[in-house]
Undergrad: 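Okay, here's the structure, questions in a sec.
Heavy atoms only: backbone and side chains are in, while hydrogens, waters and symmetry mates are out. Letters A, B, ... are given to chains in the order of the sequence lines, protein chains preceding strands, and every chain is numbered from 1.
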Amino acid sequence: MTPDELERARHRKLAKIAELGFDPWGQRFDDHLPIREVRELPVPEEGQIGTKVRVAGRIVLKRDQGRVVFLQLRDWTGQVQVFIGKKQVGDTGWALAEALDLGDLLGVDGHFGKTKTGELTVFAQSLTFLAKSLLPPPEKWHGLTDVEQRSRQRYVDLFSNPESLQTFLGRSRVVAAMRRVLADRGFVEVETPTMQAIAGGAAARPFITHHNTLDIDLYLRIAPELYLKRLLVGGMERVFELGRVYRNEGLSRKHNPEFTMLEAYQAYGDYHSMMDLTEALIVGSIEAIDGRFHRPWGESTVDFTPPWPRKSYADLLQEVAGVDIHDDAAIRERAKAAGLDPTRKDHDVVVSELFEEVVEDSLTGPIFVIDYPASICPLTKRKAGDPSVAERFELFVRGMELANAYTELNDPVLQDNLFHKQLAGQKADESMAKVDDDFVRALKHAMPPAGGLGVGIDRLCMLLLDRPNIRDVVLFPLLRPE
RNA sequence: GCCCUCCUAGCUCAAUUGGCAGAGCAGCUGACUCUUAAUCAGCGGGUUGUAGGUUCGAGUCCUACGGGGGGCACCA
């Protein structure tokens, strides 16, 4: 049967449903019980009548059995069997039952109980038609498997693949948990510009857009960092923003051009405060999902039981790459051995490339890597007594960078210098050091010493929900238009 | 941007060395008042991603294009 004929068959059913006096597109339907709660009701004794219930959902299976029809009805909490008997629902109800298709939305009033074979069931007394599905749903057993279609037609993926729905509901719990943890600690949520004249706060190529009335180009933000720190100057002592940032880079399993970032800033804190906060946020997220600290990740398991180890960048470089971070010749030699080209590059740039090439993939984590080379951290405060080291950490799990935090640089003179400094071997348009004079002016009004944190929500969800691809945790990932 | 690879019915998948395009689900018709991916009988459904080429003959081989996936590069 061609798609056209399949749709026509459903149009005929729609007409029949209308003829029976039902609205094929449904009406308000109050007080239905989530199916998960229905399934938890007491099952009546033999011969007893069960609790009266009202449910609503999508028909995902239909077993026609003469003068009885069994349905599986699914809502976003679960699935339950519905028993429709010709005698029990009357002529009109039965005529409706015969016109039902897989994918239709149906309301059922009936009694909860068990069939002879022990299946939890709603025994229908009356049916309410809620909406006609004009397109056939995917295969009832395999669901939708085509990766492209699952992303493009997420609506189909969600109703036909329960594990996909669970992933996105899990993501919502993670986000809600983070807001709760932050609110409990006195943070306030703010909204700062996503269209910015200077795309600062990170190193990435931005998207460009245009405002007609002002006739100026603007950038979609690559980070909210510099605006949130302005709020610290303004006296908002604990702020966070949970929102989308945009980076005009390639797509991969770990990269979508727009992704969700949490940034939080705490006046009078430092990067150690942020490590504590990071643990609290992720612990809160895990508790919101299922409370399991040993979490599956593909074939392996990640142990998120806190506290997580904290190791210095220099120590890890020594341990894994076998070189002293201060030994320039050894670093360059080791970089060459790793297939990198260290010529005409600043020492710290080579160190950074070597670290990424050799150390990062070995970090199974969770592990806080702390104390980064200062010159690659232009927004970070230097360690007291050692200006070559920046008070920064990154949280790694399974080779993925999940969080990045600093003791924030609040010295306006040093900040201004760093904005204008360009390290050899760093690309200009990709440097973090974009001059932002207003930001320097803000710092001149005194920003409190503070800790700041960024968390990649999508990647965190990948790890917590055991999904190997960022596309699996982004509802509508970027795809080439059809 | 580069390399590899995939695209067959609405969905899930077959098709030997280049030799008649198939099955299950879904759909349609019929049987069945306790089924469990219900079952049973019957019927329909295809420009094999698109356009060319090689060949007596192409789902299969070649070229280009489109879309997807994996990897590289990019992402400090």
Undergrad: Under 3.5 Å, is there a donor-acceptor pair between the A/Tyr313 and A/Glu394 side chains?
TA: no

Undergrad: Rounded to whole angstrom, note down the P distance from B/A38 over to B/C4.
TA: 45 Å

Undergrad: I would like to know whether A/Arg230 and A/Asp436 meet salt bridge (charged side-chain N to carboxylate O under 4.0 Å, His left out); could you show each step before the answer?
TA: CA-CA 12 Å; A/Arg230 284 171 169 95; A/Asp436 186 336; 3.2 Å; yes

Undergrad: Looking for any heavy atom pair under 4.0 Å, which part of the strands does A/Arg8 touch: base, sugar-phosphate only, or nothing?
TA: nothing

Undergrad: When the P atoms of B/U39 and B/C25 are compared, how many Å lie between them, rounded to an integer?
TA: 7 Å

Undergrad: What's the CD-P distance between A/Glu7 and B/G27, to the nearest Å?
TA: 15 Å

Undergrad: Which value, in whole Å, describes the distance between the C1' atoms of nucleotides B/G70 and B/C62?
TA: 24 Å

Undergrad: When the side chains of residues 83-103 of chain A are checked against the rest of the protein, which donor-acceptor pairs come out under 3.5 Å, sequence neighbours left out?
TA:
residue	atom	partner	partner atom	Å
A/Asp101	OD1	A/Lys13	NZ	2.5
A/Asp101	OD2	A/Lys13	NZ	3.4
A/Asp101	OD2	A/Lys132	NZ	2.8

Undergrad: Does some side-chain heavy atom of A/Phe439 sit less than 4.5 Å from a side-chain heavy atom of A/Ile198?
TA: no

Undergrad: Atom pairs, N/O to N/O, protein against nucleotides 3-8 of chain B, distance under 3.5 Å?
TA:
none

Undergrad: Using the C1' atom in both, what is the distance from B/U47 to B/A41, to the nearest Å?
TA: 33 Å

Undergrad: Is the base of B/U33 touched by the side chain of A/Arg67 through a donor-acceptor pair closer than 3.5 angstrom?
TA: no

Undergrad: Rounded to whole Å, how long is the line connecting atom NZ of A/Lys13 with atom P of B/C28?
TA: 4 Å

Undergrad: Can you identify which nucleotide, out of B/G10, B/C28, B/A37, has its nearest atom closest to the A/Leu6 side chain?
TA: B/G10

Undergrad: Would you kindly say whether A/Arg467 and A/Thr167 are connected by a side-chain donor-acceptor distance under 3.5 Å?
TA: yes

Undergrad: Considering just the side-chain nitrogens and oxygens of A/Arg63, establish if one lies under 4.0 Å of OP1 or OP2 belonging to B/U35.
TA: no

Undergrad: Side chain of A/Ala203, heavy atoms from C-beta onward: which of B/A76, B/U12, B/A38 has the nearest atom to it?
TA: B/A76

Undergrad: Set out, in order, the CA-CA distance, both residues' side-chain angles and the distance that settles side chain to side chain contact (heavy atoms under 4.5 Å, CB included) for A/Leu460 and A/Leu281, then state yes or no.
TA: CA-CA 11 Å; A/Leu460 176 62; A/Leu281 287 166; over 6 Å; no

Undergrad: Specify the separation, in whole Å, of atom NZ of A/Lys86 and atom C1' of B/C32.
TA: 13 Å

Undergrad: Within the 4.5 Å heavy-atom criterion, are A/Arg154 and A/Ser164 side-chain neighbours or not?
TA: yes

Undergrad: Return the value, rounded to whole Å, for the distance between atom CD of A/Glu225 and atom P of B/A76.
TA: 13 Å

Undergrad: OP1 or OP2 of B/G10 less than 4.0 angstrom from a side-chain nitrogen or oxygen of A/Gln149, does that happen here?
TA: no

Undergrad: When you measure from the centre of the six-membered ring of A/Phe168, is the NZ or CZ of A/Arg171 closer than 6.0 Å and no more than 45° off the axis?
TA: no

Undergrad: Across the strands shown, which category fits A/Arg480 at heavy-atom distances under 4.0 angstrom: base, sugar-phosphate, nothing?
TA: sugar-phosphate

Undergrad: Would you be so kind as to tabulate the donor-acceptor pairs closer than 3.5 Å made by side chains of residues 323-330 of chain A, with sequence neighbours excluded?
TA:
residue	atom	partner	partner atom	Å
A/Asp324	OD1	A/His326	N	2.9
A/Asp327	OD1	A/Ala329	N	3.4
A/Asp327	OD1	A/Ala330	N	3.1
A/Asp328	OD1	A/Arg332	NE	3.2
A/Asp328	OD1	A/His347	ND1	2.5
A/Asp328	OD2	A/Arg332	NE	2.9

Undergrad: Taking atom C1' of B/A73 as reference, at what distance in whole Å does atom CD of A/Glu249 sit?
TA: 11 Å

Undergrad: Looking at the side chain of A/Arg205, which of B/A76, B/U33, B/C74 is the nearest nucleotide?
TA: B/C74

Undergrad: State which of B/C34, B/G68, B/G10 makes the closest approach to the side chain of A/Gln65.
TA: B/C34

Undergrad: Please check the phosphate of B/C34 (OP1 and OP2 only) for any side-chain N or O of A/Lys87 closer than 4.0 Å.
TA: no

Undergrad: How close or far is atom C1' of B/G10 from atom CG of A/Leu135, stated in whole angstroms?
TA: 9 Å

Undergrad: So which one's nearest nucleotide on RNA chain B is more toward 5', A/Lys62 or A/Thr121?
TA: A/Thr121

Undergrad: Taking everything shown except A/Lys311 itself, do over 12 heavy atoms lie less than 6.0 Å from its NZ?
TA: no

Undergrad: Fit a plane to each ring of A/Phe368 and A/Trp308, take the angle between them on a 0 to 90° scale, and name the class: parallel (under 30°), tilted (30 to 60°) or perpendicular (over 60°).
TA: tilted

Undergrad: Measuring to OP1 and OP2 of B/G27, would you say a side-chain N or O of A/Arg10 lies under 4.0 angstrom away?
TA: no

Undergrad: So does A/Phe355 have more than 12 non-hydrogen atoms from other groups sitting under 6.0 Å from CZ?
TA: yes

Undergrad: Has A/Thr145 got a side-chain N or O lying under 4.0 Å from the OP1 or OP2 atom of B/U12?
TA: yes

Undergrad: Grab the OH-P distance between A/Tyr406 and B/A76 for me, whole Å please.
TA: 10 Å

Undergrad: Report the secondary structure of RNA chain B in dot-bracket form, marking unpaired bases with a dot and bases paired to a different strand with |, and treating Watson-Crick or G-U pairs with both distances under 3.5 Å as paired.
TA: (((((((..((((.....[..)))).(((((.......))))).....(((((..]....))))))))))))....

Undergrad: Between B/A26 and A/Lys140, is there an OP1 or OP2 to side-chain N/O distance shorter than 4.0 Å?
TA: yes

Undergrad: Considering every strand and a 4.0 Å limit on heavy-atom distances, what is the contact class for A/Asp146: base, sugar-phosphate, or nothing?
TA: sugar-phosphate

Undergrad: Are A/Asp4 and A/Arg8 close enough for a salt bridge, meaning some N to O gap below 4.0 Å?
TA: yes

Undergrad: Between the protein and nucleotides 69-71 of chain B, which nitrogen or oxygen pairs are less than 3.5 angstrom apart?
TA:
residue	atom	partner	partner atom	Å
B/G69	OP1	A/Arg471	NH1	2.6
B/G70	OP1	A/Asn469	ND2	2.8
B/G71	OP1	A/Arg253	NH1	2.4

Undergrad: Any salt bridge between A/Glu258 and A/Arg244, counting N to O under 4.0 Å?
TA: yes

Undergrad: Hey, are the side chains of A/Asp458 and A/Asn256 touching, using non-hydrogen atoms and a 4.5 Å cut-off?
TA: no

Undergrad: Please report the distance separating the P of B/C56 from the corresponding atom of B/G42, rounded so that it comes out in whole Å.
TA: 43 Å

Undergrad: Would you mind reading off the distance between A/Glu119 atom CD and B/U33 atom C1', rounded to a whole angstrom?
TA: 17 Å

Undergrad: Select one nucleotide: of B/A26, B/A76, B/C34, the one nearest the side-chain heavy atoms of A/Lys116.
TA: B/C34

Undergrad: Taking for each residue the nucleotide of RNA chain B bearing the nearest heavy atom, is the 5' side occupied by A/Gln88 or by A/Asp101?
TA: A/Asp101

Undergrad: Of all of residues 68-85 of chain A, which get a heavy atom below 4.0 angstrom from RNA chain B, listed by number?
TA: A/Val68, A/Phe70, A/Gln81, A/Phe83

